[in-house]
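Structure record follows, encoded as structure tokens.
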Amino acid sequence: MGVFATILLFALTRAELIERFKADPITRVDGLVQAIGDCPADMRREYLAPIAANMADICNSLYRGERMKPIRFDLPAIIVHIGDVRTNISHIAVKVQRRDDGTRLTKMFMPSPGFADIERFRLETVKAFYRAVKGEEIDDETAIRRLHAADPDLRARDNYADLDKWLAGEPVKEDDEHFLKLMRSVIKPGYASESDVLRFASRLRLYPRTIDGFFCGRFWSCSFAEAVEYAKIDPRLRLEAYAKAPLLIAYGGGHGESLLAAAEAYSKFLFDFAAYTKTKEELLKELEEADAKLNQAYEESLADSRPQQ
């Protein structure tokens with residue numbers, strides 16, 4: 001840099017310096033959203049790009065949830081303007097304008113992205129999306145519902161929470177049939193929550209075919225270990241084990257490798273128990289190994305639910 005340029009640089013005010021070096025706007029989702037930053041270009045990676053990416057992710061998921069193809073916008077309909085990061089203001093101001101052609105523009109002002117209320121930002125982005133794309137004005141409750149319906153992770157979290165409430169006997173909006181279906185469903189493919197593992201564990205018993213029936217004349221149901229003890233007394237235990245063995249694969253499948261490994265181990269145990277070609281000691285050893293696999297799946301589910309440090 002020459003001497004004259006250096007002198008000129010020092011003569012500029014801070015606002016003029018920021019204006020000279022601030023990052024270019026980032027536009028995403030076929031022109032729908034745009035992020036503008038009153039920050040130097042070297043802060044583009046830290047603030048501007050992630051905010052633009054987050055807006056794009058929300059809008060793209062909403063398009064998918066509505067089963068719509070993205071619409072091309074010649075002018076942005078959602079603009080977030082981030083500040084110069086000097087403050088710790090969390091509030092996000094929202095202003096809705098109507099352009100000359102009748103289209104509506106939502107402007108969001110985020111004074112300091114490092115302290116911003118991200119949940120509010122997400123909700124305002126959802127509301128702005130429906131305002132721009134479908135001409136709808138929606139409230140916060142509707143925005144939350146639509147965001148969760150469009151986001152697989154949030155939808156899974158809601159389903160887990162509702163199912164746990166239902167199992168605990170708490171009031172819920174849906175009917176029993178909905179939750180019975182959830183009990184048989186893979187809520188989040190490839191993932192086993194704590195409640196997934198516990199629900200699987202609750203199925204590790206054998207039951208008589210009829211409600212008024214008993215095993216061995218005394219048990220309404222038997223644990224797998226009890227079944228091994230009483231197999232010679234009541235052959236029906238082996239019959240019910242044979243019927244249940246393939247079901248455990250269905251109950252444990254789709255929830256990740258650890259729970260599937262446990263399900264396969266229990267299923268093998270039940271088939272071996274039904275065949276009754278192994279000794280009681282060998283069967284109990286198989287059951288012990290299956291229990292160890294289930295404990296591993298449970299520990300992993302707890303680890304996944306712990307907050308990241």
Side-chain angles (χ1 to χ4, degrees), residues 28-29 50 53-70 118-119 122 125-126 143-168 170 172-174 176-205 224 243-271 286-309:
R28 295 286 185 268
V29 198
N54 186 249
M55 293 171 68
D57 287 344
I58 293 171
C59 292
N60 283 325
S61 69
L62 293 172
Y63 270 130
R64 289 192 296 270
E66 294 290 339
R67 292 178 172 82
M68 292 177 60
K69 291 183 178 179
I118 299 302
E119 287 304 312
R122 286 167 63 83
T125 300
V126 174
I144 292 171
R145 187 168 62 251
R146 293 186 181 179
L147 177 62
H148 286 210
D151 187 309
D153 288 336
L154 293 176
R155 186 167 61 249
R157 187 176 71 184
D158 289 346
N159 281 335
Y160 278 126
D162 288 344
L163 183 55
D164 288 342
K165 285 181 181 178
W166 179 73
L167 290 171
E170 298 179 22
V172 288
K173 295 180 181 179
E174 302 287 346
D176 289 345
E177 184 61 31
H178 169 75
F179 292 105
L180 290 171
K181 183 178 179 180
L182 273 185
M183 285 277 288
R184 300 188 295 268
S185 302
V186 177
I187 294 176
K188 186 176 180 181
Y191 168 81
S193 70
E194 179 185 359
S195 58
D196 284 329
V197 179
L198 293 177
R199 283 196 298 275
F200 176 84
S202 72
R203 293 181 166 106
L204 301 180
R205 296 187 71 84
F224 291 170
K244 189 156 199 172
L247 295 179
L248 290 185
I249 301 296
Y251 295 146
H255 295 287
E257 294 181 2
S258 293
L259 188 55
L260 177 59
E264 290 173 339
Y266 282 114
S267 181
K268 182 180 183 302
F269 157 76
L270 289 178
F271 276 128
E286 271 193 62
L287 182 57
E288 182 182 338
E289 292 172 354
D291 288 342
K293 292 180 186 294
L294 183 61
N295 285 334
Q296 179 182 342
Y298 183 65
E299 289 298 324
E300 290 180 7
S301 74
L302 294 179
D304 287 342
S305 65
R306 293 186 190 114
Q308 298 297 314
Q309 298 298 322

Rounded distance [0.5 Å steps], CZ in F200 versus CG in L248: 5.0 Å

Qualifying residues under ring-ring contact (aromatic ring centres under 6.0 Å, His included), relative to F224, sequence neighbours excluded: F269

Rounded distance (nearest 0.5 Å) linking atom NZ of K268 with atom CG of L270: 11.0 Å

Using a 3.5 Å cut-off and no angle test, enumerate the donor-acceptor pairs between side-chain atoms of residues 56-67 and protein atoms at least two apart in sequence or in another chain.
| from | atom 1 | to | atom 2 | distance (Å) |
| --- | --- | --- | --- | --- |
| N60 | ND2 | A56 | O | 3.1 |
| S61 | OG | D57 | O | 3.3 |
| S61 | OG | I58 | O | 2.7 |
| Y63 | OH | I71 | N | 3.1 |
| E66 | OE1 | K134 | NZ | 3.3 |
| E66 | OE2 | Y130 | OH | 2.6 |

Heavy-atom closest contact (S267 atom, P246 atom, distance): OG-N, 4.2 Å

Value rounded to 0.5 Å, distance of CZ in R199 from CD in E194: 10.5 Å

Exam field: side chain S301 to backbone Y298, donor-acceptor pair closer than 3.5 Å: yes

Side chain to side chain contact (heavy atoms under 4.5 Å, CB included) between D164 and E170, worked out: CA-CA 9 Å; D164 288 342; E170 298 179 22; over 6 Å; no

Test applied, side-chain contact (heavy atoms from CB on, under 4.5 Å); reference residue, H255; option that passes from D196, L260, V197: D196

Separation between CD of Q296 and CG of L259, rounded to the nearest 0.5 Å: 11.0 Å

Closest non-hydrogen atom pair between R122 and L147, with its separation: NH2-CD2, 3.7 Å

Student check: side-chain heavy atoms of L204 and L294 closer than 4.5 Å: yes

Distance, nearest 0.5 Å, that separates OH of Y251 from NZ of K244: 6.5 Å

NZ-CD distance between K293 and E257, expressed to the nearest 0.5 angstrom: 11.5 Å

